[in-house]
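Worksheet for the structure shown next.
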Amino acid sequence: MFMVAMTASPALAQECGGDFTAWKNALKAEAIAEGIRPTGLAALDSAGIDQKVLQRDRAQGVFTQTFAEFSGRMISDYRLKQGAANLMKYADVFARAEQEFGVPGPVIAAFWALETDFGAVQGDFHTLSALVTLAHDCRRPQLFRPQIIPLLKLIEQGTLPADVKGAWAGEIGQTQMLPSDYLLRGVDGDGDGIVDLRNSAPDVIMTTAKKIQSRGWKRGEPWLQEVRVPEHMPWEETGRTNKLPISQLADWGITDRAGKPLATSGLKAGVILPMGHKGPAFLGYDNYDVYLEWNQSITYTLTAAHLATRLAGEPPFEHGQPQQGLTGEAMKTLQQKLHDKGYDVGGIDGILGTNTREAIRQEQIRLGLPVDGWPTPDLLANL
């Protein structure tokens with residue numbers, strides 16, 4: 001699972017950094033208070049700082065890619081074919097997962113594909129050391145410290161070995177579960193009495209469905225729909241969080257991808273324009289928001305949601321003719337100018353994140369430009 005840069009809250013900042021031995025002793029005292037016994041404590045004693053984890057945490061260049069670039073690389077023929085094969089091979093398990101948790105098979109299979117290529121690449125980082133490293137590091141301790149005790153409990157109960165390995169950010173198994181989800185939402189899908197998310201496909205499918213449901217998935221509702229947008233419309237009304245009735249969007253001239261009128265379902269959706277108003281366009285329904293609970297990167301979540309529609313039988317999205325975007329130093333220059341104007345862009349890092357998109361939208365409103373959150377050379381020149 002790709003992680004998004006966040007800053008530590010002041011309260012948690014006091015629980016990170018400093019002398020590692022003293023910090024770890026405090027963590028061990030917390031573990032004892034939580035009932036962790038010798039097996040788990042011994043595992044904690046063996047955990048240390050992994051510099052490779054910190055290097056990976058600081059080098060997440062994937063977020064500088066556009067949606068077209070990222071999705072083009074991630075939605076491969078292999079993943080589409082293997083996804084279809086797995087949907088058929090485990091059809092009964094997927095049916096059981098949808099019946100019990102309301103989550104369609106293609107949604108589960110898409111995460112399975114993107115996270116580990118259906119279990120083929122689960123990571124080789126020592127999980128406990130990875131979590132200890134990221135919890136001691138003061139960049140995002142609030143994400144990782146709460147995962148350590150659940151992992152110790154999983155080790156203590158024999159569900160996982162003390163030296164379990166996984167992704168660099170502490171996720172485990174074929175859909176890269178954090179320990180808290182593994183512990184609280186693990187499902188024994190094959191009935192062998194063990195929740196094995198590293199080796200059992202039925203366990204993986206059922207547990208993943210339960211996790212998605214726990215984030216607010218609505219049974220029987222769509223998640224993403226590709227659409228066509230007209231040349232002119234109230235662009236300031238677009239955006240994932242600005243959900244409007246489908247009937248209103250249809251009145252503005254938005255159609256389905258084939259140019260046919262939108263079916264008025266009584267649902268609401270937000271217009272998502274990942275590469276501006278001349279690029280690909282989608283409707284994001286309430287279920288799409290659940291993807292943001294899995295991962296906060298718009299590029300990743302839109303790719304995962306689109307892959308799910310592909311596995312459900314939809315064709316590739318239309319790229320349109322997006323305007324040239326900004327990358328690299330030009331993107332950092334734009335962020336600096338927005339920062340100087342008082343916007344919180346989340347850091348001068350060259351990444352088009354949620355904060356930067358919103359700042360761009362506000363400036364587009366001020367300048368009388370189509371409000372689509374897409375950084376262009378013209379916008380930069382006008383700031």
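As the structure is a prediction and not an experimental result, all values here were calculated from the model. One is the number of the first residue; the rest follow in order along the sequence.
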Can you find a side-chain donor-acceptor pair between [X] and [Y] that sits under 3.5 Å?
X: Q364; Y: D372; answer: yes
X: Y285; Y: Q225; answer: yes
X: S200; Y: D190; answer: yes
X: Q323; Y: W374; answer: no
X: Q55; Y: Q51; answer: no
X: N242; Y: E237; answer: yes
X: T175; Y: T208; answer: yes
X: Q335; Y: T356; answer: yes
X: R185; Y: T207; answer: no
X: E358; Y: Y343; answer: no

Carboxylate-amine/guanidinium contact [X] [Y], below 4.0 Å:
X: D181; Y: R215; answer: yes
X: D289; Y: K218; answer: no
X: R58; Y: D137; answer: yes
X: D45; Y: K28; answer: yes
X: E329; Y: K332; answer: yes
X: R139; Y: D57; answer: yes

Less than 4.5 Å apart, side chain to side chain, heavy atoms only: is that true for [X] and [Y]?
X: Q147; Y: E171; answer: no
X: E226; Y: E318; answer: yes
X: D344; Y: L338; answer: no
X: P280; Y: P274; answer: yes
X: T299; Y: Q65; answer: no
X: V53; Y: L134; answer: yes
X: P222; Y: L267; answer: yes
X: Y288; Y: T301; answer: yes

With sequence neighbours left out, the residues meeting side chain to side chain contact (heavy atoms under 4.5 Å, CB included) with I254 are V227, V229, P230, M233, L249, L262, V271
Applying side chain to side chain contact (heavy atoms under 4.5 Å, CB included), can you list everything that pairs with D163, at least two apart in sequence or on another chain? H126, P161
Aromatic ring proximity, centroids under 6.0 angstrom, F317 and F67: yes
Ring-plane angle category for H136 and F20, please: parallel below 30°, perpendicular beyond 60°, tilted otherwise. perpendicular
Taking the inter-plane angle between the rings of W112 and F94 on a 0 to 90° scale, is it parallel (under 30°), tilted (30 to 60°) or perpendicular (over 60°)? tilted
So, E156 side chain and R37 main chain: donor-acceptor pair closer than 3.5 Å or not? yes
Tell me whether D117 contacts the main-chain N or O of A120 through its side chain, where contact means a donor paired with an acceptor under 3.5 Å.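 Answer holds: no.
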Distance (rounded to the nearest 0.5 Å) between [X] [atom1] and [Y] [atom2]:
X: I212; Y: Y291; atom1: CD1; atom2: OH; answer: 7.0 Å
X: L44; Y: S129; atom1: CG; atom2: OG; answer: 9.5 Å
X: F282; Y: L273; atom1: CZ; atom2: CG; answer: 10.0 Å
X: L152; Y: T39; atom1: CG; atom2: OG1; answer: 11.0 Å

Determine, for W294 and K211, whether the Lys NZ or Arg CZ falls below 6.0 Å from the six-membered ring centre while staying within 45 degrees of the axis.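 Ring-cation test returns yes.
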Counting only heavy atoms not in Q324 (residues, nucleotides, ligands), do more than 12 fall under 6.0 Å from its CD?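 Open: at most 12 neighbouring heavy atoms sit under 6.0 Å from CD of Q324.
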Under the side chain to side chain donor-acceptor pair (under 3.5 Å) rule, what pairs show up with a residue in residues 90-105, not counting sequence neighbours?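 Not a single pair qualifies under side chain to side chain donor-acceptor pair (under 3.5 Å).
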Given Q174 and E115, is the side-chain contact (heavy atoms from CB on, under 4.5 Å) satisfied, shown in steps? CA-CA 7 Å; Q174 297 191 23; E115 295 292 350; over 6 Å; no
Stepwise, does the side-chain contact (heavy atoms from CB on, under 4.5 Å) test hold for R366 with K341? CA-CA 12 Å; R366 184 181 68 83; K341 286 179 173 289; 3.8 Å; yes
Cluster link W235 to I272, ILVMFWY, side chain under 4.5 Å: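 Different clusters: W235 never reaches I272 through Ile, Leu, Val, Met, Phe, Trp or Tyr contacts under 4.5 Å.
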So if you build clusters from Ile, Leu, Val, Met, Phe, Trp, Tyr with side-chain heavy-atom gaps below 4.5 Å, do L80 and V121 land together? no
Which heavy-atom pair separates R361 from V371 by the least distance, and what is that distance? NH1-O, 3.4 Å
